[in-house]
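Have a look at the structure below, then the notes.
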Amino acid sequence: MEKVIPFSDSSAFSDSVRSRKRIVFTNGVFDLLHKGHLTYLTQARDLGDFLWIGVNSDSSVKRLKGPSRPMNSEEDRALLLSCLQFVDAVTVFGEDTPLELIRRIRPHVHVKGGDYDVEALPETPLVRELGGEVKILPFVPGFSSTKLIQKIRSHSETK
């Protein structure tokens with residue numbers, strides 16, 4: 001089974017999975033995959049039996065994080081995530097928030113990590129309206145793609 005699901009196919013694919021699996025959805029940039037991501041994603045997968053990841057498109061990453069990001073293309077980021085054994089589906093989305101993708105997937109659980117406040121998330125009202133729940137997983141301290149990129153850049157500048 002191909003794990004990278006085109007945005008246009010996400011509704012139909014969700015319909016084929018939703019009745020027999022508890023879909024857990026999360027989203028992010030996942031630019032440089034690190035231990036913090038892996039810890040978070042395995043914890044998210046434990047909340048159901050089907051982990052679906054929404055990956056910000058290159059254009060949305062540039063809008064959110066600046067013109068020098070992403071480091072890896074949306075295709076590469078989606079492929080890397082799809083190769084993880086505990087990931088069941090990956091879809092690239094072009095908006096700054098995953099609202100339209102959530103509307104298409106209708107996950108049972110929407111997961112965010114770190115310091116997010118459930119009530120402040122723009123996704124929370126939609127997830128609840130669709131009958132799902134929102135969970136916040138603990139932040140894994142010491143891991144950040146942005147900090148890793150800064151470290152790589154500063155190291156290469158000193159050479």
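Source: prediction; values computed, not measured.
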Main-chain N/O of Lys35 paired with Thr39 side-chain donor or acceptor, under 3.5 Å: yes
Nearest-0.5 Å distance that lies between atom NZ in Lys135 and atom CD in Gln43: 12.5 Å
Side-chain (Ser14) to main-chain (Ser11) donor-acceptor, under 3.5 angstrom: no
Linked, directly or transitively: Ile23 and Val4 (ILVMFWY side chains, under 4.5 Å): no
Pro107 side chain reached by Val24 side chain, heavy atoms, under 4.5 Å: no
Side chains of Pro70 and Lys62 in contact at under 4.5 Å (non-hydrogen atoms): yes
Pair Lys65 + Asp31: basic N to acidic O under 4.0 Å: no
Nearest atoms (heavy-atom pairs only) where Gly54 meets Phe93: C-CE2, 3.5 Å
Separation of Leu38 CG from Phe30 CZ (nearest 0.5 Å): 10.0 Å
Same cluster (ILVMFWY, side-chain, under 4.5 Å), Phe7 and Leu126: yes
hydrophobic_cluster_shared for Val55 and Val61, side chain cutoff 4.5 Å: no
Linked, directly or transitively: Met71 and Leu79 (ILVMFWY side chains, under 4.5 Å): no
side-chain hydrogen bond (donor to acceptor under 3.5 Å, both in side chains) partners for Ser59, two or more places apart: Ser57
Glu123 versus Asn27, closest heavy-atom pair with distance: OE2-OD1, 3.9 Å
Backbone N/O of Val111 and side chain of Thr26: donor-acceptor pair under 3.5 Å: yes
Test log, rule salt bridge (Lys or Arg N to Asp or Glu O under 4.0 Å), inputs Asp15 and Arg106: CA-CA 9 Å; Asp15 289 345; Arg106 300 179 334 275; 3.2 Å; yes
From OG (Ser16) to CZ (Arg18), nearest 0.5 Å: 12.0 Å
Test: Arg77 and Glu74 ion pair at under 4.0 Å: no
Spacing of Thr97 atom OG1 and Asn56 atom CG [to the nearest 0.5 Å]: 9.0 Å
Side-chain (Arg104) to main-chain (Ser10) donor-acceptor, under 3.5 angstrom: no
Close side-chain approach of Leu84 and Leu81, heavy atoms under 4.5 Å: yes
Verify same cluster id: Leu99, Ile5 (apolar side-chain graph, 4.5 Å): yes
Contacts table for residues 44-52: side-chain donor-acceptor under 3.5 angstrom, sequence neighbours left out:
unit_1	atom_1	unit_2	atom_2	d
Arg45	NE	Phe86	O	3.2
Arg45	NE	Asp88	OD2	3.0
Arg45	NH2	Asp49	O	3.3
Arg45	NH2	Asp88	OD2	3.4
Asp49	OD1	Arg22	N	2.4
Trp52	NE1	Thr91	OG1	2.9

Point-to-point distance, once rounded to the nearest 0.5 Å, from CD of Glu129 to OG1 of Thr124: 12.5 Å
Taking every non-hydrogen atom, the tightest pair across Ser60 and Asp96: CB-OD1, 3.7 Å
Side-chain heavy-atom pair Ile105, Glu100 within 4.5 angstrom cut-off: no
OH (Tyr116) with more than 12 external heavy atoms under 6.0 Å: no
Taking every non-hydrogen atom, the tightest pair across Lys3 and Gln85: NZ-O, 4.0 Å
Considering all heavy atoms, the nearest His37-Leu32 contact: CE1-O, 3.3 Å
His110 NE2 to Glu133 CD distance, which is reported to the nearest 0.5 Å: 12.0 Å
Trace of the side-chain contact (heavy atoms from CB on, under 4.5 Å) decision for Ser73 with Asp58: CA-CA 6 Å; Ser73 72; Asp58 292 348; 4.0 Å; yes
